[in-house]
Structures are given as structure tokens and as C-alpha cells.
Amino acid sequence: MIHDDLDRILSEEEILPSSGFAAAVMDAVRREAAAPPPIPFPWKRALPGLAIAALALLWALVSLARLVGEAATARIPVAQSPVLAPIWQASTLQTVISAKAGWVTLALVLTLASVIFSVRLASGRT
Amino acid sequence: MSASEDQADVEKVLTGDIAAFEGIVRRWQGPLVNLAYRFCGDRGRSEEMAQEAFLRAYRALSQWRRDAAFSTWLFALATNLYRSELRRIPGRMTALDDIAEPKDPRAFTSELEAADRDHAVRRAVFALPAKYREALVLFYFHEMDVTAAAQSLGLPQGTVKARLSRGREILRSKLPQILGTPRLKEKEAR
């Protein structure tokens with residue numbers, strides 16, 4: 001390949017900014033400087049809601065873990081439960097629980113992801 | 001272009017003297033508009049992109065660490081912006097296969113024909129896949145300085161060299177008569 005040719009052709013390409021370019025940029029900069037600062041994320045207002053959401057998430061996770069643990073280790077109490085006994089008797093309890101646990105976990109993970117994404121979006125870090 | 005002038009203007013802007021930013025704009029408007037033009041090939045759009053780059057630089061001025069030259073920081077910021085702008089709204093692209101090469105390269109005798117050839121090469125560069133095009137654009141913009149091109153792209157030098165090589169290879173394969181073999185005049189000169 002003749003590098004010289006390519007070098008010459010691609011090095012020569014030069015244009016000059018139009019005469020009003022610098023003034024247009026400075027106008028835009030002044031507008032930017034005059035504009036009010038972006039509204040910060042209202043942490044004080046959002047904090048109680050976020051705390052409640054975090055507690056609810058924690059409670060849900062603990063409940064889920066407890067439910068799965070009970071189903072796996074203590075079959076008798078689960079089988080005696082008036083709600084769960086019929087299902088247990090149908091010998092599908094473990095399948096149902098594991099299937100539901102998967103969905104619940106997925107829902108929790110999605111919720112957590114959406115909370116993180118919202119916070120990142122609000123703080124302009126995306 | 002003086003690095004100390006840049007630094008002084010940045011300090012002034014950071015202390016609230018917005019007018020000092022004009023010095024930065026006047027010193028760097030040519031390079032930034034030219035860089036944008038090399039990316040998009042459209043004069044009007046290149047000025048819009050350069051203006052946006054200056055605005056971003058103004059907003060992020062406090063993030064410039066003095067360990068790198070102001071120009072290095074500015075070009076990296078502008079390059080990032082131009083790349084993402086072109087991903088968002090691609091420029092006038094021609095498929096590489098659609099770029100017609102003149103049938104007889106020996107016909108490049110007049111200035112007009114040479115200009116046609118240069119135009120064909122530039123169009124071929126625009127039609128390259130983005131990663132090769134960007135490497136070539138930055139390399140020639142920085143007067144064939146791989147280090148500067150790598151800094152602007154935020155890539156290791158080895159990667160930039162590999163992309164340059166591959167980009168040239170593609171150009172050579174697409175425009176073999178222009179770039180693949182020496183022209184008669186050159187052969188005769190040797």
C-alpha cells in the first residue's frame with residue numbers, strides 16, 4: 001500500500017469554523033451559566049420511602065427464606081397447616097414452593113434493580 | 001497554542017469569569033470543528049457537534065486534572081461526544097461496496113481527477129466500520145501520532161495500531177487501484 005498517498009489525502013482535510021462560531025459558543029455558554037442549577041435529588045423526602053422499601057424487601061427476603069427452610073426441613077408443620085395441607089397432600093408442595101420461590105426471587109431482584117437504576121438515573125450517573 | 005494560557009483561562013472560568021472561556025474557544029475552535037468534520041463529513045453538523053463539545057467542556061472544566069495537557073483532556077472529551085453522537089445519529093454513510101473506483105488509475109492526470117480520487121478515498125474511510133474509521137480519523141487528525149490518537153480514544157496504543165492496520169487493509173482491498181499498487185508516475189520515479 002502506498003502509505004504516502006493515504007497519508008497525504010487524509011491529512012489534508014481541513015475546514016475553518018464559520019466566523020460566528022466562537023460567538024455562538026459563548027452565547028450558549030452564557031445561557032448555560034445563567035440557567036438555574038439542576039434540581040438535586042430530594043433525598044430528605046425520599047429517604048423515609050426508601051427506608052420503608054428496604055425494610056419491606058428485607059422482611060420479604062426473611063419470610064421467603066423461612067418459608068423455604070420450613071418446607072425443606074419440617075414437613076410435618078407445613079403439612080398440618082390448614083392452608084398448605086391440601087397442597088401437601090397432593091404431593092406437589094415442594095414443586096409449588098420452589099416454583100414460587102423462583103418467581104418471588106425474580107420479582108425482588110427486579111425491584112432492587114429498578115430502585116438502583118432509578119437512583120442512578122436521578123443522580124445523572126448513567 | 002499555549003498550555004499556560006489554557007491553564008490561566010481555566011482558572012479564571014472556575015473562579016466565575018465566564019468570559020475567559022472565550023480564549024479557550026478561540027484557541028481550540030479550529031481543531032474541534034475539524035475533528036468533528038472528520039467524524040461526520042458535514043460542515044453544519046460538525047459545528048453543532050463542536051459547540052456541544054465546548055459546552056460539555058465548560059460544564060466539566062473542574063474535572064480536568066492538571067496531570068494531563070488541557071488539549072489531551074479536551075480532545076478525549078470531544079472524541080467521546082462525537083463517537084456517541086454518530087452512534088445516535090449516523091452520518092451520511094455509503095456502503096463500502098458501493099464506492100466506485102475509477103476504472104483506470106492512470107487517468108489521474110489532472111487536478112480534477114486527483115480530487116475525485118481523494119474524494120473516493122475519503123468516502124471509503126467514512127464507509128469503514130466505526131472502530132477502524134475512528135482510529136484512522138484520530139491518527140490523521142493528530143498528525144499521525146499514535147500515542148495522541150490512543151489517548152483521545154481511551155484505548156491502548158497496540159489496539160489503535162491494530163485497528164489502523166486493519167482499516168488500511170480494508171481500504172486497500174476496496175480501492176486496490178488507488179491504494180494497492182504504485183501509480184505509474186511513482187514507478188517511473190523509482
Side-chain angles (χ1 to χ4, degrees), chain A residues 1-47 49-51 54 106 109-126, chain B residues 13 16 18-19 21-34 36-38 41 43-44 46-48 50-59 114-115 117-122 124-125 136-137 139-141 143-144 165 167-169 171-173 175-176 178-183 186:
Chain A
M1 179 177 196
I2 306 168
H3 274 197
D4 288 351
D5 264 358
L6 188 61
D7 292 344
R8 183 189 58 72
I9 293 166
L10 296 179
S11 300
E12 275 176 357
E13 209 171 15
E14 286 282 322
I15 61 163
L16 285 173
S18 57
S19 55
F21 177 75
V25 172
M26 284 313 292
D27 284 347
V29 167
R30 286 191 191 98
R31 275 199 303 276
E32 172 89 12
I39 302 165
F41 187 78
W43 281 110
K44 278 184 184 170
R45 287 186 187 182
L47 220 53
L50 286 173
L106 180 66
V109 168
L110 284 176
T111 309
L112 190 65
S114 71
V115 167
I116 291 168
F117 178 70
S118 311
V119 170
R120 286 179 70 89
L121 198 67
S123 61
R125 282 185 290 155
T126 49
Chain B
V13 175
I18 300 163
F21 195 71
E22 190 162 357
I24 295 171
V25 175
R26 292 209 178 274
R27 271 193 297 282
W28 295 106
Q29 59 176 342
L32 252 57
V33 169
N34 266 291
Y37 183 69
R38 284 162 185 251
R43 194 190 172 96
S46 63
E47 291 203 352
E48 284 170 17
Q51 176 165 330
E52 183 58 30
F54 277 119
L55 265 181
R56 297 250 177 125
Y58 171 75
R59 286 185 207 130
R117 180 197 58 183
D118 294 1
H119 185 64
V121 172
R122 285 182 187 131
V125 172
L136 279 167
V137 163
F139 177 68
Y140 287 106
F141 173 75
E143 294 167 353
M144 292 178 263
S165 169
R168 283 173 162 154
E169 213 173 274
L171 285 179
R172 186 176 52 192
S173 69
L175 300 169
I178 297 176
L179 299 168
T181 53
R183 282 179 290 153
E186 287 170 343

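Protein chains get the first letters and strands the later ones, always in sequence-line order, with residue 1 at the start of each.
Options His119(B), Glu143(B), Gln51(B) differ in how many heavy-atom pairs under 4.5 Å they form with chain A, and the most are formed by Gln51(B). Heavy-atom pairs under 4.5 Å with chain B peak, among Pro17(A), Ala22(A), Ala23(A), at Pro17(A).
Side chains of Gln29(B) and Val25(A) form no contact here, defined as non-hydrogen atoms less than 4.5 Å apart.
Only the side chain of Tyr58(B) comes within less than 4.5 Å of a heavy atom in chain A; its backbone stays farther off.
Taking CZ of Arg38(B) as the start and CD1 of Ile15(A) as the end, the distance is 10.0 Å to the nearest 0.5 Å. The CG atom of Leu10(A) sits 9.0 Å away from the CE atom of Met144(B) when rounded to the nearest 0.5 Å. Note that CD of Glu32(A) and CZ of Arg56(B) are 10.5 Å apart. Values are rounded to the nearest 0.5 Å.
Nearest heavy-atom pair across Leu16(A) and Glu47(B) is O-OE2, 4.4 Å. The two residues Ile18(B) and Met26(A) come nearest to each other via the heavy atoms O-CE, 3.5 Å.
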Indicate every side-chain donor-acceptor pair of residues 35-45 of chain A with a distance under 3.5 Å to a residue at least two apart or in another chain.
none

